[in-house]
Protein chains: 2
Amino acid sequence: MSNINEVAKRAKVSPMTVSRVLNQSGYVKEETRQRVLAVMEEMNYVPNQLARSLVKQKSMTLALIVPDITNPFFTTVARGTEDMARKSGYRVIFCNSDDDFLKEQEYTEMCLLLRVDGIIMAASGDRSKANLERLKKFNIPLVCIDREVKGIDTDLIVGDSLAGARALTQHLIDLGHRHIAMVTGPLSISTSRERLQGYKETLRQNGIDYRDDYVKEASYNQQTSGQYLDDLLASTPRPTAIFTANNFVAAQVVRGLRERQIRVPEDLAIVTFDEMEPYCAVAEPLLTSALQHAYNFGSLAVQLLMERIDGVPIAQPRRIVLNPDIVIRRSSGEKL
Amino acid sequence: MSNINEVAKRAKVSPMTVSRVLNQSGYVKEETRQRVLAVMEEMNYVPNQLARSLVKQKSMTLALIVPDITNPFFTTVARGTEDMARKSGYRVIFCNSDDDFLKEQEYTEMCLLLRVDGIIMAASGDRSKANLERLKKFNIPLVCIDREVKGIDTDLIVGDSLAGARALTQHLIDLGHRHIAMVTGPLSISTSRERLQGYKETLRQNGIDYRDDYVKEASYNQQTSGQYLDDLLASTPRPTAIFTANNFVAAQVVRGLRERQIRVPEDLAIVTFDEMEPYCAVAEPLLTSALQHAYNFGSLAVQLLMERIDGVPIAQPRRIVLNPDIVIRRSSGEKL
DNA sequence: TTGCCATATGTTATCGCTAACACAAAACTA
DNA sequence: TAGTTTTGTGTTAGCGATAACATATGGCAA
């Protein structure tokens, strides 16, 4: 692969002139420019971004670290990130932590090795603190999304889990439900905790007793709803509705209910956070949901990064809270 | 961020000795090694991969270009790619072409700029030829997966679309169906063409007339099954079964049928290529499918790349054909 | 005509690292 | 004991690009 010196020699100019043509910087006579361009074309010259990044001290690369890129929420975040980054001339490296601290750590180190200019991270859990601290130590622009990590202060974009959970729970109550169960995600994740809190508060505000045995914590590892659904269904009185904390949990629960031949919403109502689109367009029934604008999580995160990268140093970490939309669909059923 | 020279100075050795410690190459006295390591720790030294890649002429990076990372098939390919690459010490950059030639082209150029060591590509269509040719011109190790591109000879890993399509069609015929429709993906993609061919052949072998109006070409842009389903359903006689060419098309069709209140498989049987897992675990009914081992597409592709990267030059492009598994599920129904 | 500025191009140093070679000193071999 | 090999470390050059400065024109105002 040819380099700038070879091009320069063939075009009978200095490498610097070639560089000027490449970057459209400084003065170059039109005639010279054309000649250089012709030689570049002829030699199939492609500038070496590695060398550029080295001298410019800038890689024009961002990293997005998410727990699970197959999750439609994060896929959409990725889209938002990529689109906005491209507008600013940046590339994005996508990293999948698989909700695994060690994998997340590896990617964190990779980001340092590659000298990425900024990082967007949906933490795999509270353990992520160590990884985030390491990044902060190097003053790499950093935005956390979706999940807040205790004891770490960074720019942050989260959904309003509390409000969403309240609205969903209230919706069930308004429909006449009094025995409402909840299946949360791992409580090591901030969104799970907040959604649980919103659920509890709303029950209390409506004078409904909170019951521990109505709350189950699903794991991201298990592929099925396993034991906890049986437990829930065996409770007395049996819940008439379930609030699932996110799309992943919802998929588990819906599948579990189907296996047990329990109809939604006739036998049991369901409300959830997040979507299961697009492939799950085939899901039945369509789920009543607190819909988060995942795309905005990504694009806004990039905007925050850009301000930190280009701009004057900003002292304070910023916190953006995005409201979910409550979309009423069939799964929550009719008024009892 | 500190560099190798600063570490060297502080450790009172030459940069070369630090480099030796870093790379565990050459001779370094244990005592010196410990001292250097201590200084690296103390200074938070992280080697600069850009500089390394520049001098080594090797980026230790592969690129995976796929049309749609949200498609469970490609997500699984990505997993296979990443896992195998990591085993060999390589990173993977994931690129989403969105089935868009221009975006694919941009990513192709990015790969060149970044001097990636190898590329795995699921072409967006036959137009991709130009992009592949550009890559070939630079002799970058290249493996095409899933889709073959006319007029380009590269290492290739494809599923046996012909055999899969034959098996699925035969399955329907064996169940007693005689009026079998097909919804293909864009015919600019080799898999679509081959699956269509397998369908046609099998019909003929069973003495069933092939009808043009039983075949519809779905687009990846349209989110719904739009007009073509109505057309199919209005045909005389109305088809009793549909063969969908992949998971994306299947999702469209299943959704469309549901909107039209047509039951699967009672009113209409469905068979398809690919899975819709994991989020579509909630899909109902479960689809009879020619299941491709997506993970192997990815991991095998990396193995082929590695042979080209490390090994002696291999003259001939290689072609690997992976067999799909036929998984019979509820959507194809009972014997008529 | 002098001086200044815009234009056009080149030279040198440097980004951070490693390959290749050089050179001691220590350890072994004959 | 002299010669060879192993061990340990340093020096120099170069990967491919650009920043910063240097230099040389020509044009134009004063």
Side-chain angles (χ1 to χ4, degrees), chain A residues 1-37 39-40 43-61 89 109-117 138 140, chain B residues 1-37 39-40 43-61 89 109-117 138 140:
Chain A
M1 219 149 161
S2 52
N3 62 31
I4 203 171
N5 292 300
E6 291 167 29
V7 172
K9 196 172 292 180
R10 181 96 74 110
K12 299 190 201 306
V13 292
S14 73
M16 201 52 223
T17 298
V18 178
S19 173
R20 291 196 183 96
V21 172
L22 272 177
N23 297 286
Q24 310 183 52
S25 63
Y27 292 110
V28 181
K29 204 198 288 181
E30 180 58 23
E31 187 192 316
T32 314
R33 208 178 74 86
Q34 290 304 335
R35 183 157 36 97
V36 170
L37 284 174
V39 172
M40 294 200 307
M43 301 182 74
N44 281 312
Y45 172 68
V46 178
N48 187 321
Q49 184 60 43
L50 301 171
R52 270 187 182 164
S53 299
L54 185 59
V55 60
K56 291 222 173 164
Q57 298 285 66
K58 202 139 183 291
S59 61
M60 298 306 286
T61 304
E109 286 308 312
M110 182 187 93
C111 289
L112 293 172
L113 283 168
L114 294 179
R115 302 296 195 265
V116 303
D117 297 324
F138 293 95
I140 299 178
Chain B
M1 219 150 161
S2 53
N3 63 32
I4 203 171
N5 292 301
E6 291 167 28
V7 172
K9 196 171 292 177
R10 181 95 75 111
K12 298 188 200 307
V13 293
S14 74
M16 199 52 222
T17 298
V18 179
S19 174
R20 290 196 183 97
V21 172
L22 272 177
N23 297 287
Q24 311 183 51
S25 64
Y27 292 109
V28 181
K29 203 199 288 181
E30 181 56 23
E31 186 193 316
T32 314
R33 207 177 74 86
Q34 290 305 336
R35 183 157 36 98
V36 170
L37 285 174
V39 172
M40 294 200 306
M43 301 183 72
N44 280 313
Y45 172 68
V46 178
N48 186 321
Q49 183 59 44
L50 300 171
R52 267 187 185 165
S53 298
L54 185 60
V55 59
K56 290 222 174 167
Q57 300 285 63
K58 201 139 184 290
S59 61
M60 299 306 285
T61 304
E109 287 308 312
M110 182 187 93
C111 289
L112 293 173
L113 283 167
L114 294 180
R115 302 296 196 266
V116 303
D117 297 323
F138 293 96
I140 299 177

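When reading the values below, keep in mind they use all heavy atoms of this one structure, side chains included, and skip hydrogens, waters and symmetry mates. By convention in this document, chain letters (A, B, ...) are assigned in the order of the sequence lines, proteins followed by strands, and residues within each chain are numbered from 1.
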OP1 or OP2 of D:dT18 under 4.0 Å from side-chain N/O of A:Asn23: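 Yes, because at least one side-chain N or O of A:Asn23 sits under 4.0 Å from OP1 or OP2 of D:dT18.
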
Side-chain N,O (B:Gln57) to OP1/OP2 (D:dG16) below 4.0 Å: yes

Exam field: side chain B:Arg33 to backbone B:Val21, donor-acceptor pair closer than 3.5 Å: no

A:Asn5 (side chain) donor-acceptor with A:Ala8 (main chain) under 3.5 angstrom: no

Is there a side-chain contact between [X] and [Y] in this structure, where contact means two heavy atoms from C-beta onward sitting under 4.5 Å apart?
{"X": "B:Thr32", "Y": "B:Thr17", "value": "yes"}
{"X": "B:Arg52", "Y": "B:Asn23", "value": "yes"}
{"X": "B:Arg115", "Y": "B:Thr61", "value": "no"}
{"X": "B:Leu22", "Y": "B:Met40", "value": "yes"}
{"X": "A:Lys12", "Y": "A:Arg35", "value": "yes"}

Rounded distance in Å - [atom1] ([X]) to [atom2] ([N]):
{"X": "A:Arg52", "N": "D:dA19", "atom1": "CZ", "atom2": "P", "answer": "10 Å"}
{"X": "A:Arg115", "N": "D:dA17", "atom1": "CZ", "atom2": "P", "answer": "20 Å"}
{"X": "A:Met40", "N": "D:dA17", "atom1": "CE", "atom2": "P", "answer": "11 Å"}
{"X": "B:Gln49", "N": "D:dG16", "atom1": "CD", "atom2": "P", "answer": "16 Å"}
{"X": "A:Tyr45", "N": "D:dG16", "atom1": "OH", "atom2": "P", "answer": "10 Å"}
{"X": "A:Asn5", "N": "D:dT18", "atom1": "CG", "atom2": "C1'", "answer": "12 Å"}
{"X": "A:Lys56", "N": "D:dG16", "atom1": "NZ", "atom2": "C1'", "answer": "13 Å"}

Boundaries of the chain A footprint along DNA chain C (any atom under 4.0 Å from a heavy atom):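 Answer, 5' to 3': C:dA6 to C:dG16.
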
For A:Gln57, all residues meeting side-chain hydrogen bond (donor to acceptor under 3.5 Å, both in side chains), sequence neighbours excluded: none

5' precedence on DNA chain D between A:Glu6 and A:Ser25 (nearest-nucleotide basis): A:Glu6

Criterion side chain to side chain contact (heavy atoms under 4.5 Å, CB included) on A:Val36 and A:Arg20, from CA distance to verdict: CA-CA 10 Å; A:Val36 170; A:Arg20 291 196 183 96; over 6 Å; no

Nucleotides 7-11 of chain D: which of its N/O atoms have a protein N/O under 3.5 Å away?
from: D:dT7; atom 1: OP2; to: B:Tyr27; atom 2: OH; distance (Å): 2.4
from: D:dT9; atom 1: OP1; to: B:Thr32; atom 2: OG1; distance (Å): 2.7
from: D:dT9; atom 1: OP2; to: B:Lys29; atom 2: N; distance (Å): 2.8
from: D:dT9; atom 1: OP2; to: B:Thr32; atom 2: OG1; distance (Å): 3.2
from: D:dT9; atom 1: O4; to: B:Arg20; atom 2: NH2; distance (Å): 3.4
from: D:dG10; atom 1: OP2; to: B:Ser14; atom 2: N; distance (Å): 2.7
from: D:dG10; atom 1: OP2; to: B:Ser14; atom 2: OG; distance (Å): 3.1
from: D:dG10; atom 1: OP2; to: B:Thr17; atom 2: OG1; distance (Å): 2.9
from: D:dG10; atom 1: O6; to: B:Arg20; atom 2: NH2; distance (Å): 2.6

